[in-house]
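The structure appears below as structure tokens.
Here is how names work: the chains are called A, B, and so on, in the same order as the sequence lines, proteins then strands, and each is numbered from 1. No experiment lies behind these values; they were computed from the predicted model shown. All heavy atoms count here, side chains included; hydrogens, waters and symmetry mates do not.
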Amino acid sequence: MKIIDIVNASMKFGNVTALEDLTLSIDEGEVLGLFGHNGAGKTTTMKLILGLLSPSAGKVSVFGHTPYSQSFSQYRFKLGFLPENVSFYPQLTGREILHYFARLKKVDLKKSDQLLDEVGLSSACNRKVKTYSKGMKQRLGLAQAILTEPKLLLLDEPTVGLDPIATQDFYGMVDRLRNDGCAVILCSHVLPGVEKHINRAAILGGGKLQALGSLSELRDQASLPMTIDVHGMMDREKLCRRIDDYVMSANAINNESVRIKTVQSEKLSLLKEILNHPGVADIEIHPASLEDVYRHFVSANVQMQSHMEGAR
Amino acid sequence: MNPVLSIAQKELKDGLRNRWIVAITLIFALLAIGISWFGAAASGVIGFTSIPNTIISLASLAVFLIPLISLLLAYDAIVGEDEDGTLLLLLTYPLTKGQLLIGKLLGHASILGISTTIGFGAAAIIISIFASNVDLVGLYKAFGLFIVSATLLGVCFVAIAYIISGLVTEKSKAAGMALISWFMFVLVFDLALLGILVATEGKFNAELFPYLLLLNPTDVFRLINLVGFDAVGTGLITIAADVNFSIYTLLLALVGWVLVPIGIAYGVFIKRKL
């Protein structure tokens, strides 16, 4: 079932087009990574989904209903949101704040105390939030987002300020929610570490969708080379000559290693050749990372823009 | 629990936590007791004089204080939540902008209601205990009306504060605008009316003039606390003596002064960019 269905949505603020012709849908049990530079339209997209804005053109539907209509209120119980910068109410304690949000979402207060435990705030829950670190506020934000076991979760920069272990715990929680059928949108600047936990990535640039698909699809689309490092006491020049047909480049990086760049389609034939080469002791394969994919699509966009400006 | 009540409850708790309720109550109580005992000190008398004297002096002081307190209490209602990022979050919750606004109004109104009732009520009780020869029924009636009208006046300025809070994007700007609106309603309006009256040598449509007082909630409040007695009041208020507004007309006008600003505040809040 489609949780979110955005069709040709555009958003204009006066003369400024924040979002142009966006088409995007998310199924239940899917985690979508939403990436883009500042001003790319991420926040606008989130606000459209949350019903805080109504699109200038096109259609947005969430749970099969219009999110910016008054009657959408009843569907908000199944919606969790973690804003990017939220300082909550500094003079209240973490527990009081979560109780307030729990009351607004008609959740049992016991459940809210349990959640404080789960996000690791139980020891700090009776302290005022103004004494909290960024990471602690972030965890409180997470707790309020998952109060109702949501069917849709929007997370804006969720791991900012979290230490590595808390980040891991957080992604574990996202995986768990996904397995329960929750659709998740993850908006992030922090690219490393996100890969494993997202089903698809949407890359926005200049208010337009630059790329959408699973990471391997995007890698194919971008035809980004993968890097293969070969180690061992071997005749490096001979190896380079042997694999010449399959590679984009092959260079010795030190006495015992060769770094090869190649494309997905040549990977298996290339590996066979390398394995048959005498003296090869180890092979490391690095597919293009999310960061490379992101850089590819964003810089393509920037080039296009500067091209257009040049044409004017 | 209804979201409106949850929000009202939080505002009320905040009022208790940051000592607003205690502070306002104390100010009101001291003011009322002070005025009832020393209000006539200028004419060489110390001690409780009369109910009309007390209420009229109390009204002329409260008319400065209550709008200021209310504006201070509520000026950050919307812009403050926006600055903390909680407004964005709350609006993704199962509640509408209208419910949020009404919840806050209910909370702030309770804070003012509790403070005026306890503060001025305590003064009335002290007077009834310590002053001799007081008509108790008249005393409680006068103070009851005073408390109701003072609360309505406060809520009116809370609603005006919401308009300001919905219009601006910075808390400090809201504070500045709140101060200006206080100055306009409490001082400038009356001075301007008086100016017109003097400049036209009283020839300015004399029948219309008393009704102009209804355009200022602080004047309505003062009139309410005059009509119960056969007093004529002081200053600008005397021009209303010819019209003889009934207490119900005046109370209705004050209720209107709550409803219209809250309606405008709602419109402003709906249009506010997030």
Side-chain angles (χ1 to χ4, degrees), chain A residues 13-14 18 43-44 46-54 62 67-93 96-97 99-107 109 128-130 137-138 140-141 144-145 147-148 150 152-154 156, chain B residues 1-23 73-74 76-104 106-108 111 166 169-171 266-267 269-274:
Chain A
F13 299 106
T43 308
T44 306
M46 294 269 237
K47 284 182 178 172
L48 281 174
I49 295 169
L50 289 165
L52 299 173
L53 292 173
S54 60
V62 177
Y68 47 89
S69 68
Q70 289 270 337
S71 58
F72 188 72
S73 223
Q74 51 179 310
Y75 300 100
R76 292 186 181 277
F77 286 104
K78 287 290 167 200
L79 191 155
F81 173 49
L82 171 68
E84 185 184 357
N85 283 314
V86 59
S87 48
F88 295 109
Y89 304 103
Q91 77 282 11
L92 300 190
T93 69
E96 285 168 331
I97 287 175
H99 278 184
Y100 177 51
F101 287 125
R103 257 183 236 117
L104 288 177
K105 276 204 170 160
K106 298 188 167 49
V107 173
L109 297 188
K128 288 188 177 179
V129 165
K130 66 180 171 195
K137 276 184 206 157
Q138 203 71 4
L140 186 61
Q144 66 78 26
L147 268 170
T148 51
L152 172 62
L153 192 56
L154 282 94
D156 201 352
Chain B
M1 195 165 30
N2 188 301
V4 172
L5 292 180
S6 301
I7 293 160
Q9 187 194 24
K10 180 187 172 287
E11 291 299 332
L12 188 59
K13 264 192 182 168
D14 284 353
L16 278 171
R17 185 189 316 270
N18 56 27
R19 312 280 185 272
W20 263 97
I21 294 183
V22 176
L73 187 68
D76 65 345
I78 295 169
V79 71
E81 296 251 9
D82 200 356
E83 278 189 359
D84 286 340
T86 42
L87 184 62
L88 195 70
L89 186 58
L90 280 177
L91 293 179
T92 70
Y93 270 63
L95 62 109
T96 60
K97 282 182 173 175
Q99 284 174 320
L100 184 61
L101 202 65
I102 296 300
K104 283 192 171 270
L106 218 57
H108 286 140
I111 291 176
T169 50
E170 283 157 51
K171 244 190 332 201
Y266 179 69
F269 190 23
I270 288 288
K271 285 214 180 87
R272 185 183 173 89
K273 273 199 189 111
L274 283 167

Item checked: Side-chain touch B:P94/A:K105, heavy atoms, less than 4.5 angstrom -> yes
Check: Any side-chain heavy-atom pair from A:K106 and B:P3 closer than 4.5 angstrom?
Finding: yes
Item checked: Separation between CD of B:E81 and CZ of A:F88, rounded to the nearest 0.5 Å -> 12.0 Å
Checklist line | Any side-chain heavy-atom pair of A:L82 and B:L89 under 4.5 Å | finding: no
Note to self: What part of A:F77 gets within 4.5 angstrom of chain B, counting heavy atoms only: side chain, backbone, both, or neither?
What the structure shows: both
Margin query: Please classify the contact of B:K13 with chain A as side chain, backbone, both or neither, using a heavy-atom distance under 4.5 Å.
Written below: side chain
Item checked: B:L90 side, atom CG; A:L104 side, atom CG - distance, nearest 0.5 Å -> 6.5 Å
Notebook entry, point to check: Between A:I49 and chain B, which part of the residue has a heavy atom less than 4.5 Å away: side chain, backbone, both or neither?
Noted result: neither
Notebook entry, point to check: Looking at A:N85, A:L92, A:L53, which has the largest count of heavy-atom pairs under 4.5 Å with chain B?
Noted result: A:L92
Note to self: side chain to side chain contact (heavy atoms under 4.5 Å, CB included), that's the test. Do A:R103 and B:L5 meet it? Break it down for me.
What the structure shows: CA-CA 10 Å; A:R103 257 183 236 117; B:L5 292 180; over 6 Å; no
Note to self: Does any backbone or side-chain atom of A:Q91 lie under 4.5 Å from a heavy atom of chain B? Answer side chain, backbone, both or neither.
What the structure shows: both
Notebook entry, point to check: Is it the side chain or the backbone of B:I7 that comes within 4.5 Å of chain A heavy atoms, both, or neither?
Noted result: both
Next item on the list: Could you check if a side-chain atom of A:P90 sits within less than 4.5 angstrom of a side-chain atom of B:D84, using non-hydrogen atoms only?
Entry: yes
Notebook entry, point to check: Quick one: are A:Y89 and B:D14 in side-chain contact, heavy atoms under 4.5 Å?
Noted result: no
Next item on the list: Please assess B:T92 against A:R76 for the test side chain to side chain contact (heavy atoms under 4.5 Å, CB included), listing each intermediate value before the final yes or no.
Entry: CA-CA 7 Å; B:T92 70; A:R76 292 186 181 277; 4.1 Å; yes
Check: Out of curiosity, A:S73 OG to B:Q99 CD, how far, rounded to the nearest 0.5 Å?
Finding: 6.0 Å
Note to self: Counting neighbours of NZ on A:K128 that are heavy atoms of other residues, nucleotides or ligands and sit closer than 6.0 Å, is the number greater than 12?
What the structure shows: no
Item checked: Separation of B:K273 NZ from A:L52 CG (nearest 0.5 Å) -> 14.5 Å
Note to self: For a quick test of reading the model, state the closest non-hydrogen atom pair linking B:T96 to A:Q70 and the distance between them.
What the structure shows: CG2-OE1, 3.3 Å
Check: Considering only heavy atoms, which portion of A:Y75 lies under 4.5 Å from any heavy atom of chain B: side chain, backbone, both, or neither?
Finding: neither
Item checked: B:Y93 side chain near A:Q144 side chain, heavy-atom distance below 4.5 Å -> yes
